[in-house]
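Okay, structure first, notes after.
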Amino acid sequence: MKNKEYKRNFIILTIISILIIFGFNGSITTLGLDEAMYMTTSFEMVSNHNYISPTYNSEPFYDKPPLVYWLQAGVYDLFHNIIDSKLWLFRLPISIIFLLFIWFLVYFGKKLFGKKSAIAAGFVFLLCPLSVALGKMAIMDMVLSFFIFLSLITFLLTYLKKINNNYIILSWIFMALAFLTKGPVGLICVGLTVLVFLIIKKKIKFLFSLPNLIGLLLFIGIVAPWFIKMQSISGGTFFYEFFIHQNIQRAAGMDFGHNYPIYSYIIIIALGMLPWSFYLIPSILKFRLNHPDHVAETFLSLWIISLFIFFSLLIGKLPGYIFPIFAPSALLIGKFFGEFKLSKGIKYFAIGSCLFSLILGLVFAVVLFTLKYQTIYAKISMIISGLFMIVFGVYALIKVFKGKNPFDLYKYQMTGFLIFLVIGLYLITNNSLNTLDEIDHGYDLGTGAYRISKEFNIKSLPKHIEIYAVDLDPLWVSYPLNFERKVNFIKKNEKINLSDKYLIIGKDQLPKDTPGEVIDNHPNFTGKKHKYVFIKNY
């Protein structure tokens with residue numbers, strides 16, 4: 001690939017990335033429990049002027065280390081007087097890191113495999129449904145994977161002597177940042193990959209160099225202060241809650257409801273990396289492991305295989321856990337398409353990819369159209385998204401039968417699919433009828449607290465008015481974020497000691513003697529079949 005063509009493709013990749021990554025980030029409502037809780041924690045850091053000890057709803061919150069909270073709180077603190085959208089501001093650091101991730105992936109891919117493969121890798125990584133999902137949510141997985149990638153790719157380039165040996169120190173620094181993002185998993189992902197690689201290469205002595213010793217000391221110096229401080233602040237309870245409960249017990253499948261079968265990540269990778277997932281196995285098998293000419297390919301393959309086995313063996317599983325393998329997968333798949341040759345075996349994988357795309361496109365074009373509470377605009381967006389999968393899937397299938405490289409058609413297919421999917425998500429989650437009624441029917445396509453706070457203009461209420469949430473659904477944890485104050489979470493039929501001025505938000509199973517005026521027919525409320533009541537006495 002000539003330099004002019006490389007620059008043109010890089011600009012196109014960047015433009016598409018910006019459209020997908022930043023589109024409607026301030027308008028799509030909080031998506032699920034984790035995003036709402038992490039946004040709230042970051043907001044409370046700023047509100048309480050406490051950047052050391054994270055809190056959620058004014059209570060200690062020891063789920064994760066502070067790095068992402070610091071990034072979100074810092075952006076919010078700097079710009080909230082200029083930009084009036086908490087959602088956009090809290091998602092901004094993740095979006096920027098996603099864009100940087102793509103740029104660094106292309107940069108290092110060019111060093112390893114050349115310009116054509118690097119550009120292909122950038123498109124593969126961007127145009128994975130799971131990449132886009134994690135890149136548009138204010139959660140930890142994109143940031144964690146970014147620092148794991150930087151740590152491991154720095155190690156690889158040092159090992160290959162493409163950069164000075166002293167740069168191995170950077171690998172330890174990036175690993176420390178991964179640890180501060182999500183805890184021990186950052187250390188495990190990097191350490192396991194490096195250890196397996198060095199054992200296979202019989203180069204374990206590489207770890208005992210002076211730069212590695214300096215790096216280890218820097219790792220401890222970066223990570224230890226916050227954890228020591230938190231243990232002191234918490235009165236000694238932090239260590240158990242964070243390391244035992246949030247990490248070991250979560251991995252063992254205890255108390256979190258994330259327990260899934262050992263084969264779960266096969267399905268998650270197949271769907272989350274579609275259509276590229278069909279080419280992952282051929283991309284790994286194309287190169288002889290431990291061959292002297294395939295050192296980088298061996299390292300990337302072991303990175304994928306070791307983490308896949310590790311996370312599959314854990315009882316607790318979530319889609320974001322396996323995301324650290326997406327970057328090395330993109331590099332290998334990018335190299336595969338950069339040097340594409342359609343053998344008989346590869347043809348079967350290509351045909352399978354095209355057919356699966358057609359099926360998924362049909363699902364999006366038809367099934368979502370049948371949901372009762374969607375607006376016509378949301379339905380149209382989903383239909384167009386599905387049509388991109390179908391039309392370009394057909395063209396890719398024709399190209400495969402002609403023995404040609406289907407990469408460009410996959411690129412157009414996924415670009416259109418994801419852009420219209422983002423538009424559809426915006427239309428779905430901003431329809432108040434849909435948001436309330438769909439959640440009541442179990443579809444979980446939005447977070448109702450955002451709609452309620454917006455429709456009732458609850459943020460304008462005086463701070464001394466208390467807010468109670470009765471029989472809280474897990475997806476409604478964005479109450480504290482959207483109401484900008486502490487919310488009293490109480491269980492159904494629990495006795496309520498009300499203050500003189502209050503507002504209650506909850507399901508209709510409230511204690512019969514609860515005083516106040518029911519306002520579930522408030523003129524600003526537009527839901528038709530909701531099961532929520534609003535009671536006031538102020």
Side-chain angles (χ1 to χ4, degrees), residues 25-26 30-81 83 85-98 100-101 134-148 173-187 222-234 237-239 241-243 245-247 250 318 320-321 323 447 477-487:
N25 277 3
T30 46
L31 299 170
L33 183 148
D34 287 345
E35 187 180 36
M37 294 180 81
Y38 299 154
M39 282 184 174
T40 304
T41 299
S42 301
F43 177 72
E44 290 187 11
M45 273 190 170
V46 179
S47 302
N48 301 331
H49 305 287
N50 177 4
Y51 291 85
I52 300 298
S53 181
T55 62
Y56 168 72
N57 200 31
S58 300
E59 300 294 330
F61 189 63
Y62 299 152
D63 274 32
K64 299 293 183 290
L67 184 57
V68 170
Y69 304 142
W70 287 341
L71 293 173
Q72 292 176 336
V75 169
Y76 180 79
D77 201 14
L78 286 172
F79 298 111
H80 73 277
N81 290 324
I83 300 172
S85 171
K86 290 196 294 291
L87 296 176
W88 194 86
L89 289 172
F90 287 133
R91 285 170 175 154
L92 182 59
I94 314 301
S95 301
I96 291 173
I97 283 174
F98 188 12
L100 289 174
F101 205 155
L134 297 177
K136 293 187 74 68
M137 296 173 67
I139 58 179
M140 279 67 179
D141 299 284
M142 182 61 69
V143 183
L144 172 70
S145 297
F146 179 59
F147 289 127
I148 289 172
I173 293 173
F174 291 133
M175 184 164 54
L177 294 175
F179 201 104
L180 282 177
T181 300
K182 211 172 179 181
V185 68
L187 174 63
I222 293 169
V223 167
W226 183 80
F227 286 91
I228 293 170
K229 182 67 175 177
M230 285 302 302
Q231 182 71 356
S232 174
I233 291 174
S234 67
T237 62
F238 172 79
F239 182 88
E241 175 61 25
F242 180 80
F243 287 101
H245 185 218
Q246 292 295 334
N247 284 275
R250 181 187 289 265
L318 283 175
Y321 293 177
F323 190 63
T447 305
V477 293
S478 58
Y479 278 130
L481 174 69
N482 289 297
F483 301 154
E484 296 187 355
R485 69 195 74 183
K486 182 176 174 63
V487 174

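Positions are given from 1, in the same order as the sequence printed here.
Distance check: I96 CD1 to L92 CG gives 4.0 Å after rounding to the nearest 0.5 Å. I148 CD1 to M175 CE: the interatomic distance, rounded to the nearest 0.5 Å, is 10.5 Å. Here the straight-line distance linking atom CD1 of I97 with atom CG of L71 works out to 5.5 Å at 0.5 Å rounding. The OG1 atom of T40 lies 8.0 Å from the CZ atom of F90; values are rounded to the nearest 0.5 Å. Considering OG of S42 and CE of M37, their distance stands at 12.0 Å, rounded to 0.5 Å. The distance from the CH2 atom of W226 to the CG atom of L180 is 8.0 Å, given to the nearest 0.5 Å.
Between P225 and I222, the shortest heavy-atom contact is CD-O, 3.8 Å. Residue V75 comes nearest to P93 through the heavy atom pair CG2-CG, 3.7 Å, listed as atom of the first residue, atom of the second, then distance. Scanning all heavy atoms of the two residues, the minimum distance from F242 to D63 falls at CE1-O, 3.8 Å. Scanning all heavy atoms of the two residues, the minimum distance from K229 to I52 falls at CG-CG2, 3.8 Å.
Not counting sequence neighbours, the partners of Y62 by the ring-ring contact (aromatic ring centres under 6.0 Å, His included) test are F238. F179 pairs by the ring-ring contact (aromatic ring centres under 6.0 Å, His included) definition with F219, F227, not counting sequence neighbours. Annotation: side-chain hydrogen bond (donor to acceptor under 3.5 Å, both in side chains) contacts of Q231 (sequence neighbours excluded): none. Take I228 and apply the side chain to side chain contact (heavy atoms under 4.5 Å, CB included) test, not counting sequence neighbours, and it matches A224. With sequence neighbours excluded, the residues forming a side-chain hydrogen bond (donor to acceptor under 3.5 Å, both in side chains) with K486 are E59, listed by chain and number. Annotation: ring-ring contact (aromatic ring centres under 6.0 Å, His included) contacts of F61 (sequence neighbours excluded): Y56. With sequence neighbours excluded, no residue forms a salt bridge (charged side-chain N to carboxylate O under 4.0 Å, His left out) with E44. Y69 pairs by the side-chain hydrogen bond (donor to acceptor under 3.5 Å, both in side chains) definition with nothing, not counting sequence neighbours. Partners of D77 by side-chain hydrogen bond (donor to acceptor under 3.5 Å, both in side chains), not counting sequence neighbours, listed by chain and number: Y51. The ring-ring contact (aromatic ring centres under 6.0 Å, His included) check on F323 picks up F125, F326, with sequence neighbours excluded.
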Listing, residues 135-144 side-chain donor-acceptor contacts under 3.5 Å, not counting sequence neighbours, or none:
unit_1	atom_1	unit_2	atom_2	d
K136	NZ	I20	O	3.0
K136	NZ	I21	O	3.0
K136	NZ	G23	O	2.7
K136	NZ	N25	OD1	2.6
D141	OD1	K182	NZ	2.7

With side chain to side chain contact (heavy atoms under 4.5 Å, CB included) as the criterion, how do E484 and F43 come out once you've worked through the C-alpha distance, each side chain's angles and the decisive distance to 0.1 Å? CA-CA 8 Å; E484 296 187 355; F43 177 72; 3.8 Å; yes
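Sequence neighbours left out, not one pair with a member in residues 64-74 passes salt bridge (charged side-chain N to carboxylate O under 4.0 Å, His left out).
The shortest distance between side-chain heavy atoms of I94 and V68 falls below 4.5 Å. Using a 4.5 Å cut-off on side-chain heavy atoms (C-beta onward), R91 and E35 make contact. Side-chain atoms of S85 and F79, non-hydrogen and from C-beta on, never get closer than 4.5 Å to each other. Taking 4.5 Å as the limit, some side-chain heavy atom of F147 sits within range of a side-chain heavy atom of L67.
Shown are P480, P66, P54; of these, the side-chain contact (heavy atoms from CB on, under 4.5 Å) with T41 is made only by P54.
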